[in-house]
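Just below is one structure, and these are the notes that go with it.
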Amino acid sequence: MISVLAQAADAGGVVSTGEAVVFWILGPVALASALAMVFARNAVHSALFLVATMLSLAVLYMVQQAPFLGFVQIIVYTGAVMMLFLFVLMLVGRDSSDSVVEVLRGQRVAALLLGVAFALLLVAGVGRAFTDVTPAGLGPAGSTDNLSGIGQLIFTKYLFPFELTSALLITAALGAMVLAFAQRRRTASQGQRVTVIERLRGDRISPLPGPGVFATANSVAVPALLPDGSIAPESLSEIIEGTSVDEQPRPAPDAHALTGPARSEIDQTGRTKVGDE
Amino acid sequence: MNHTQQLLADDPFWLILLKVVVLFGVGVVLTLFMINWERKVVGRMQQRPGPNRTGPGGWLQSLADGLKLAFKEDIMPANADKKIFFIAPVISTIPAFVAFSVIPFGGEVSIFGERTALQLVDLPVGVLVVLACSSIGVYGIVLGGWASGSPYSLLGALRSAAQVISYEIALGLSIVAVVLYSRSMSTADIVEAQGGGWYFWLLVPSFAVFVISMVGETNRAPFDLPEAESELVGGFHTEYSSLKFALFFLAEYVNMVTVSAMATTLFLGGGKIPWLGHLWSGFDNGWFQFLAFIVKVLLFLFLFIWLRGTLPRFRYDQFMRLGWKVLVPVSLLWIMVIFAIRTYRNSSGGSLTVLLITLGIVLLAVLAVAFLVPERRRAAVTVEPASDYPVPPLDLGVPDTPRRTAKRKALAREKRREPAGALTGDPGKETE
C-alpha cells in the first residue's frame, strides 16, 4: 500500500490523488493532536498526543517517497525518545502537578519572547519553501532508490556534520553518565563502622517499619500501624502513594482487627476469671 | 525495484485481501498451536504429560481457554484511566500483526493463476518495519501498566519500557551486518542474497546477538521481568481480564512468531535451503519454500520454549548489564571487524588467503597476549567490624571430620551397599 502510494507520488511537483487524500486525513490529525498535546491536563495524555502527531508525520514522510525517514522517525522518536519521556512521567507519578512558582526570575517572559522569536524564524524559513523552491521528487533524483541515496549523501557530502552531530550526542551521553556516577561514588566506600556510627547519631536507630506489618495485610500498599492504631508515615512508599488518583474507601485502621473483641471486653472477662478463682 | 516488488505490484485487490486474511489466520493459529506446544514441551521437561484432555491429544486446550477468556467478566479497576486502559491491548496487538506483512514466507507461486510472491508487501526498508512495529508495540504494554493504576502494573510497565529500549539497540546493531552483506534492507532481497549460503555461517556473532536480544525484546523467559510472577503478580497485565488480557497474550505470541520469522529471514535464508537445491530443482518451488520457512520458524519457537523450561529468570541488574555491557559492545566491535574485512576484500588485490592468514596471526597474537597478561589480583577486602565487641573470625569454616568418625561413616556406607545381607535375613545386622 505504502509503496503504491509512494509510486503514485513519483512525479516531481504534481500531487497525486493518493498523496492528497493521505495528506488531508493525516494533516488535520497531526494538527489536532499537537493542539491537544498543549491543552491536555494529564501529562501522559499529552505525551500520547505527541506520539500521534509524530506517527502522522512519519506516514506523511513515507507517502512522500522517504520511507527510510518515516520508519526512522517511528523507531527513534516514537519508539525511543517518547518512550523515555513516558518513562520519566510515570516515575514521577500520575497526578503530580507542575509547580507554578517561577524558579528563575523572568522565566516566563523570556520563554514567551524566545518562543515567539522561534516561531517567526520557522515561519520565515518554511515560508520561503512554499514560494521560491520548486519541488523535485526524491525517487529518480541521482540514485537508484531513496535508501541508498541517503546513505551515499550522509557518508560523502554531509559526512562532517553527521560526525559532528554524533560527537555532540556522545558528549551529552558521557556527561549524563559522569553526573549520574559522580554522586554514587561518594557513598560507595562507606565502611560498616561509619554506617553504624551515623545511624546511632541519626534520629532513628531501628530500621523503617515494613508495610502492613502490624495491620491485617502485608501488601506494600497497606501502611504499617503504630501501637496506638495510627498509620506509621515512614512505612508509606512515595512512589506507590503517588500513583493512585482516587483514594479507595479503606476500612479505618483497627489495631485489634485480628484479636476479635475490643480491649475493654478482654479486660472484663479476664478480671471475672481471676475473681472466680 | 526487485523481482518480488514487481511481482507484488500487480497483485489484484482480491489477492491482497486474501493474503491479509491468511496472514491474520497464520498468526492466530500459530498462537493457539504455540501455547499448547509450549505447555506440552515444558510438561515433558518437568516429567509430566501437560494438557491432554481437550480435543485429540489435548491439542484443543488453548482454543477452549481462548473461548473461555472471551466469556469472562471484563473488570475495569476503579483507579484505571478508562480510555487508555481500553486502547492499550489494541495498541499492543495491531503492530504485532502489521509486522507480519513484510515477512517473506516463500518464493514465487501461482495462486488461482496469478503469479505472486508469498509476502504481503516488500518495502525497501522492510527490516525497519519490524523494528518500528516492535517499538510501537511496547506502548501497549507501558500504557496498559500505567493505566491500571496499580503499583505492580506500573513497575512491570517501567521494566518493560527500559528492557525493550535497551534490547532494541542490540537488535538493530545485529541487523547491520546482514544489511551490509545483502546490500539491501528489503526482506525479499535479503533472502535472495542467501541463495548461495546462509548468513548464519558467515555472521555467527550477529546471529548470537540477534537471538539473545530477540528473547529480551519479546519479554520471554529468562528475560520475562515485566511479568515476573514471583515479584509483580502478573506485571503489566495484573489488572487485565477477559478479552483485553487475551489480546495481550495474543500480541506476545505473535511477536514471538515475528521475531522468529525475522531470525529465519536474516540468518537462515528464509525458505531457501541451498544444499538441497543442488539435489533436486523441485526444492526451489515457492510452496516448498513456505514449508521450509515454517519449519525453521518452529525451530526458533522451540528454542523459546526450551529456554523457558531450562533457565531461571535474570535479576534486573544482570539483565541490563548483559544488554549494555556485553551485547552492544560486542555488536559494535563485530561491525568494525566486518567493515575492515569488507573494505579489504573490495579493494584491489584483496585476496582471501592473505586475509585469512592475517586474521589467524591476529587471533594468535590476541591469544598469546591473553595468556601472557597476569591474572588481575584482587585486593583483599578489609572488613572493619562495626563495633569493638569480639566477633568470630571472618574465615571461619567447617572443621575437618575427626578420623574416628570418618572411619565409622565409611564402614556404614560399605554396609549399605551390600544388598545380599538385606535379603538373607539377619535383622541384627541392619539395625546396627
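Chain letters run A, B, ... following the sequence lines, proteins first, then strands; residues in each count from 1.
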Derivation and outcome, side-chain hydrogen bond (donor to acceptor under 3.5 Å, both in side chains), residues B:Ser186 and B:Asp122
CA-CA 6 Å; B:Ser186 122; B:Asp122 185 43; 3.1 Å; yes
B:Ser101 versus B:Gln119, closest heavy-atom pair with distance:
O-CG, 4.1 Å
Residue part contacting chain B, namely of A:Leu55, when any heavy atom lies under 4.5 Å
side chain
Checking B:Arg159 against B:Phe319: charged group under 6.0 Å from the ring centre and within 45 degrees of the axis?
no
Check whether B:Leu128 gets within reach of chain A through its side chain, its backbone, both or neither, counting any heavy atom under 4.5 Å.
both
Contacts satisfying side-chain hydrogen bond (donor to acceptor under 3.5 Å, both in side chains) that involve residues 124-143 of chain B (not counting sequence neighbours) are B:Ser134-B:Glu168, B:Ser134-B:Glu217
Where do B:Val164 and B:Asn219 land on the side chain to side chain contact (heavy atoms under 4.5 Å, CB included) test, with the steps shown first?
CA-CA 8 Å; B:Val164 175; B:Asn219 298 334; 4.2 Å; yes
So which part of B:Ile165 gets closer than 4.5 Å to some heavy atom of chain A, the side chain, the backbone, both or neither?
side chain
Options A:Thr195, A:Leu48, A:Leu84, A:Ile197, ranked by heavy-atom pairs under 4.5 Å with chain B, top entry:
A:Leu48
Checking heavy atoms, do the side chain of A:Val76, its backbone, both or neither come under 4.5 Å from chain B?
neither
Taking every heavy-atom pair that is under 4.5 Å apart, which of B:Ile16, B:Leu131, B:Val142, B:Ile169 has the most such pairs with chain A?
B:Val142
How close do B:Ala132 and A:Phe71 get, heavy atom to heavy atom, and via which atoms?
CB-CD2, 3.8 Å
With a 4.5 angstrom heavy-atom cut-off, which part of B:Ile84 approaches chain A: side chain, backbone, both or neither?
side chain
